[in-house]
Amino acid sequence: MRIIIIIILSTGLLFFSFGAFSGIRKDINISVYITKKSTSKEVQILGGDIKYQANYDRKAQRFSHLSVPFSIRSPLSVSDSYDLTLTESIHYCSGSEIMVQTYLDDDFFKKKDVKKNLIFNHSDDTYKWRKHILGFSFPQIKQGDSEMQCYGLVGLMVELTL
């Protein structure tokens with residue numbers, strides 16, 4: 001039995017040029033959309049907060065690494081393992097694509113990569129789950145005199161394995 005759920009993490013950044021400050025701190029709002037064809041009780045993706053924060057380092061001219069925690073959860077009676085696929089990872093600044101590196105639990109995780117047979121490693125009387133961290137490492141983004149808009153889209157697919 002294969003259950004497929006897609007999670008979309010949509011990030012939006014907006015930053016400006018500041019002359020007198022030692023650092024710029026901007027919020028990154030992460031919206032999570034779980035898309036599935038039908039309601040499923042066999043597997044869930046549980047996110048943490050919907051608002052995550054990355055600091056812009058003026059000296060390095062890049063945003064700090066961003067970590068987004070989430071869990072995969074399933075009832076005890078369902079499969080003990082699952083596959084996790086990075087179905088989408090695309091990012092832009094001022095209309096130009098930028099190369100943001102993505103990581104799953106500190107391992108490099110590029111578009112179309114599949115982490116196979118991940119085992120649930122926590123449980124209670126009803127559910128079993130596994131916690132994950134989706135990480136983002138940003139390239140150098142030079143500040144200018146005008147406003148820049150940066151955004152990205154990441155998709156994850158989870159499939160229970162038999």
Side-chain angles (χ1 to χ4, degrees), residues 1-15 26-56 62-124 126-141 148-162:
M1 172 193 238
R2 291 172 55 157
I3 307 280
I4 299 172
I5 295 180
I6 298 174
I7 183 172
I8 303 294
L9 301 173
S10 175
T11 63
L13 314 173
L14 191 62
F15 56 94
K26 283 294 178 189
D27 291 339
I28 298 177
N29 295 312
I30 308 278
S31 300
V32 178
Y33 304 96
I34 299 177
T35 307
K36 51 189 168 183
K37 292 182 179 180
S38 62
T39 303
S40 170
K41 294 181 181 177
E42 279 78 22
V43 67
Q44 295 174 310
I45 297 176
L46 305 172
D49 297 330
I50 61 168
K51 189 176 186 179
Y52 295 91
Q53 202 166 332
N55 295 320
Y56 185 80
R62 71 181 62 215
F63 283 94
S64 60
H65 184 83
L66 179 65
S67 297
V68 178
F70 68 97
S71 296
I72 305 296
R73 185 175 81 169
S74 187
L76 287 174
S77 61
V78 180
S79 173
D80 287 332
S81 64
Y82 58 95
D83 296 344
L84 198 55
T85 305
L86 184 63
T87 59
E88 189 63 66
S89 183
I90 190 161
H91 313 272
Y92 293 95
C93 263
S94 296
S96 298
E97 189 171 354
I98 59 171
M99 300 310 295
V100 174
Q101 292 183 337
T102 51
Y103 299 86
L104 180 65
D105 303 327
D106 294 326
D107 291 330
F108 185 63
F109 195 43
K110 68 181 187 305
K111 185 176 176 180
K112 306 290 185 197
D113 276 358
V114 180
K115 299 290 186 181
K116 293 195 162 282
N117 295 313
L118 297 169
I119 305 295
F120 294 102
N121 56 6
H122 299 286
S123 65
D124 60 20
T126 309
Y127 294 102
K128 55 191 168 201
W129 65 91
R130 183 174 182 152
K131 295 178 181 182
H132 294 284
I133 301 284
L134 188 61
F136 299 91
S137 182
F138 297 94
Q140 190 175 60
I141 303 170
M148 293 179 75
Q149 184 174 6
C150 300
Y151 57 94
L153 182 71
V154 173
L156 291 174
M157 178 174 67
V158 61
E159 299 175 88
L160 291 175
T161 55
L162 297 177

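Not measured: the values here are computed from a predicted model. Note that these values count all heavy atoms, side chains included, but never hydrogens, waters or copies made by symmetry.
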Next on the checklist: If I take atom CD1 from residue Ile45 and atom CG from residue Leu156, how far apart are they, to the nearest 0.5 angstrom?
Outcome noted: 6.5 Å
Checklist entry - Between the main-chain N or O of Glu42 and the side-chain N or O of Ser74, is there a donor-acceptor pair closer than 3.5 Å? => result yes
Next on the checklist: Please enumerate all residues that pass side chain to side chain donor-acceptor pair (under 3.5 Å) together with Arg73, with sequence neighbours excluded.
Outcome noted: Gln44
Residues 127-139, side-chain donor-acceptor partners within the protein, below 3.5 Å, at least two apart:
unit_1 : atom_1 : unit_2 : atom_2 : d
Lys128 : NZ     : Leu76  : O      : 3.0
Lys128 : NZ     : Val78  : O      : 2.3
Lys128 : NZ     : Ser79  : O      : 3.1
Lys128 : NZ     : Asp80  : OD1    : 2.8
Arg130 : NH1    : Ile119 : O      : 3.1
His132 : ND1    : Asp105 : OD2    : 2.7
His132 : NE2    : Tyr82  : OH     : 2.5

Next on the checklist: For the backbone of Ser81 and the side chain of Thr161, can you confirm whether one donor and one acceptor N or O come within less than 3.5 Å of each other?
Outcome noted: yes
Checklist outcome for this item: Taken in chain and number order and not counting sequence neighbours, the residues that satisfy side chain to side chain donor-acceptor pair (under 3.5 Å) with Tyr103 are Gln101
Next on the checklist: Test of understanding: with salt bridge (charged side-chain N to carboxylate O under 4.0 Å, His left out), list the residues that count as partners of Lys112, not counting sequence neighbours.
Outcome noted: none
Item to check | Euclidean distance, Leu153 CG relative to Tyr92 OH, rounded to 0.5 Å | outcome: 9.5 Å
Next on the checklist: Whether the side chain of Thr87 engages the backbone of Met157 through a donor-acceptor N/O pair (distance < 3.5 Å, no angle test) should be reported.
Outcome noted: no
Item to check | Heavy-atom side-chain contact between Leu118 and Asp83 under 4.5 Å | outcome: no
Checklist entry - Roughly how far, to the nearest 0.5 Å, is CG of Leu84 from CD of Glu159? => result 9.5 Å
Item to check | Partners passing salt bridge (charged side-chain N to carboxylate O under 4.0 Å, His left out) against Lys111 (at least two apart in sequence or in another chain) | outcome: Glu88
Checklist entry - So with a 6.0 Å cut-off around CG of Asp106, is the heavy-atom count from everything else above 12? => result no
Checklist entry - Got a donor-acceptor contact below 3.5 angstrom from the Thr102 side chain to the Phe109 backbone? => result yes
Item to check | Beyond-backbone contact of Leu86 with Leu104, side-chain heavy atoms, under 4.5 angstrom | outcome: no
